[in-house]
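Throughout, protein chains are lettered first and strands after them, A, B, ... in sequence-line order, and every chain is numbered starting at 1.
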Amino acid sequence: MAQQLDYHQLRAIFTRFRDANPEPRSELEYVNAYTLLVAVVLSAQATDAGVNRATRPLFARVTTPAQMLELGEEGLIEYIKTIGLFRNKAKNVIALSRILVEQYGGEVPDSRAALQALPGVGRKTANVVLNVAFGYPAQAVDTHIFRVGNRTGIAVGKDVLAVERAIEDNVPVEFQRHAHHWLILHGRYICKARKPRCPDCLIRDLCPYEEKTE
DNA sequence: ATCCCGAGGG
DNA sequence: CCCTCTGGAT
C-alpha cells in the first residue's frame, strides 16, 4: 500500500485527468435512472462490455420496473444468463422492481438509505446511482478504485469505506464530481490489475508504483 | 469468511 | 490452467 499523496500532488494528478478527459462518462449503457440501477446491479463482478451485451436487447423491451415485473424472473434470466451471478441478480432485480412499483410509484429514490434498502443494492451501487443519475458527488469505490487508490497513493485505505473517505478528505473539491469515472477508466485501461501499462500512464512521474512490464 | 458464477484475457 | 471483472447477502 502506497503512502497517501497530499493535496498538491492530487491537484496535479486530477488536472491531468481532467485535461485528457474533461467529461468522463459511465461506459454502462442505460436510458433512465431505473435502467442505470439495473445495469449497476448486473455489473457486480462482471465487465461492463458483458453487461451491455445483455442489457441492449433487454432495455429495448424493458425500461420501467412495471415492465420488468411483466417480464418476470425466468424471462429476465434469458437475457442475463451470460453474466456471472445471474440467478442472484435476477432475483434481486425482480424484488427491487416490485418495491419501486409498490412504494415509490415506479421511480428510483434519490437517497442513499432508500437505495441501500433495495435487495442487491449496497453502498457501492447506491453511490453510483447517486453520482450518475442524480449528480451528487458520491464516491463509489469498486475493485478498480480500491486498487488504483492504494497502488498510486491517490486514496489509501484498508477497505472500501476507508478509500471512500480518503477521496472525500484529500481530493480537491472541484475534482470530486468526476473522480469516480476518472479513476475507473484509469484502472480499466492503464492501471490494470494484472499487467499495468505504466509506460502509457499519464501520471507515471507522480506515482510510487513500479511494475516491470517487460 | 464464504457463496454466487459466466465470459474474456494471459 | 489461473485471474479478473464498476459486489452484496449471509
Pairing of A/Arg11 and A/Glu174 as salt bridge, 4.0 angstrom limit: yes
side-chain N/O A/Thr125 vs C/dG8 OP1/OP2, d < 4.0 Å: yes
Among C/dT6, B/dC4, C/dT4, the one nearest A/Asn88 by side-chain distance: B/dC4
Under-4.0 Å side-chain N/O to phosphate OP1/OP2 contact, A/Arg53 with B/dG6: no
Below 4.0 Å: OP1/OP2 of C/dC5 and any side-chain N or O of A/Thr143: yes
Out of C/dC2, C/dT6, B/dC4, whichever nucleotide has its closest atom nearest the side chain of A/His181: C/dT6
Closest listed nucleotide, where the reference is the side chain of A/Gln45 and the choices are C/dG7, C/dT4, C/dT6: C/dG7
Sugar-phosphate, base or nothing in reach of A/Leu85, heavy atoms under 4.0 Å: base
Phosphate OP1/OP2 of C/dG7: any A/Arg123 side-chain N/O under 4.0 Å: no
Short side-chain N/O contact to C/dC5 OP1/OP2 from A/Arg188, under 4.0 Å: no
Minimum heavy-atom distance between A/Ala193 and A/Arg151, given as atom pair plus value: O-NH2, 3.2 Å
Donor-acceptor contact present, side-chain A/Asn170 to main-chain A/Ile154, <3.5 Å: no
Sugar-phosphate, base or nothing in reach of A/Gly50, heavy atoms under 4.0 Å: nothing
Derivation and outcome, side-chain contact (heavy atoms from CB on, under 4.5 Å), residues A/Val171 and A/Tyr7: CA-CA 7 Å; A/Val171 176; A/Tyr7 183 88; over 6 Å; no
Touch class at under 4.0 angstrom, heavy-atom based, for A/Val121 against every strand present: sugar-phosphate
Touch class at under 4.0 angstrom, heavy-atom based, for A/Lys81 against every strand present: sugar-phosphate
Sugar-phosphate, base or nothing in reach of A/Ala140, heavy atoms under 4.0 Å: nothing
